[in-house]
Amino acid sequence: MIDLILHLFCLGAVIFFMANALPGLHVETYGTAVMVALVYGLINVTLGTVLKLLAIPFVIITLGLFLIVINTFLLWLTDKLLDDFDIDDMGTTFIAALLITISDTILAL
């Protein structure tokens with residue numbers, strides 16, 4: 001349980017840092033970044049799992065690159081659900097989803 005909470009706070013720090021580094025990504029506070037990490041994680045576990053199962057043929061054909069498209073959609077959905085989190089365009093959403101996915105994978109090790 002402590003590992004999950006620590007993972008959540010670290011991912012929140014990554015999101016907060018990305019908001020300062022990427023010009024099209026806006027997060028009000030660190031607390032908002034942690035909330036983004038929590039909501040994104042919950043959406044990824046529920047809807048993301050279903051989408052990944054349905055997209056298995058596309059994932060196989062693209063050698064896993066289609067997973068980035070799914071993660072981009074999930075981050076866009078997170079943007080629509082939270083008021084204090086804003087992404088300007090789809091290109092920034094794609095880059096942010098890619099960086100969050102890489103960071104989340106590294107944090108899970």
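Everything numeric in this text was worked out from a predicted model, so none of it was measured.
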So how far is it from [X] [atom1] to [Y] [atom2], rounded to the nearest 0.5 Å?
| X | Y | atom1 | atom2 | answer |
| --- | --- | --- | --- | --- |
| L75 | T92 | CG | OG1 | 10.5 Å |
| F85 | K80 | CZ | NZ | 10.5 Å |
| N44 | L51 | CG | CG | 9.5 Å |
| T93 | L98 | OG1 | CG | 12.5 Å |
| F58 | I61 | CZ | CD1 | 6.5 Å |
| M35 | L8 | CE | CG | 9.5 Å |

- Task: In sequence, state the C-alpha distance, the side-chain angles, and the governing distance for D79 and D86, and then conclude on side chain to side chain contact (heavy atoms under 4.5 Å, CB included).
- Result: CA-CA 6 Å; D79 172 31; D86 187 41; 3.9 Å; yes
Flag side-chain contact, heavy atom, 4.5 Å: [X] against [Y]:
| X | Y | answer |
| --- | --- | --- |
| L74 | Y40 | yes |
| H7 | I2 | no |
| F66 | I60 | no |
| M18 | I95 | no |
| L47 | L77 | yes |
| L54 | V50 | yes |

Where do [X] and [Y] come nearest, in terms of heavy atoms and distance?
| X | Y | answer |
| --- | --- | --- |
| S103 | V14 | OG-CG1, 3.4 Å |
| G12 | A33 | O-CB, 3.2 Å |
| P23 | D88 | O-OD2, 4.1 Å |

- Task: Would you check, one step at a time, whether the test side chain to side chain contact (heavy atoms under 4.5 Å, CB included) holds for L82 with E28?
- Result: CA-CA 11 Å; L82 295 174; E28 296 293 323; over 6 Å; no
Would a hydrophobic clustering, with Ile, Leu, Val, Met, Phe, Trp and Tyr connected at side-chain separations under 4.5 Å, put [X] with [Y]?
| X | Y | value |
| --- | --- | --- |
| V36 | I5 | yes |
| V45 | M1 | no |
| L38 | L6 | no |

- Would you check, one step at a time, whether the test side chain to side chain contact (heavy atoms under 4.5 Å, CB included) holds for F16 with V34? CA-CA 8 Å; F16 190 70; V34 171; over 6 Å; no
- Message: Could you check whether atom CZ of F17 has more than 12 heavy atoms from other residues, nucleotides or ligands sitting under 6.0 Å from it?
- Response: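 Incorrect, the count does not exceed 12.
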- Query: Which word best sums up how the rings of Y30 and F9 line up, parallel for under 30°, tilted for 30 to 60°, or perpendicular for over 60°?
  - Reply: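 Parallel, since the angle between the ring planes stays under 30°.
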- Looking only at side chains, do T101 and D104 share a donor and an acceptor under 3.5 Å apart?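 Side chains of T101 and D104: no pair found under 3.5 Å.
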- Message: Quiz question: by atom type and distance under 3.5 Å, do the side chains of D84 and H26 form a donor-acceptor pair?
- Response: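 Their side chains do not contain a donor-acceptor pair, so the 3.5 Å distance test is not met.
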- Task: Output, in order, the C-alpha distance, side-chain angles, deciding distance and verdict of side chain to side chain contact (heavy atoms under 4.5 Å, CB included) for V59 and L65.
- Result: CA-CA 7 Å; V59 172; L65 293 177; over 6 Å; no
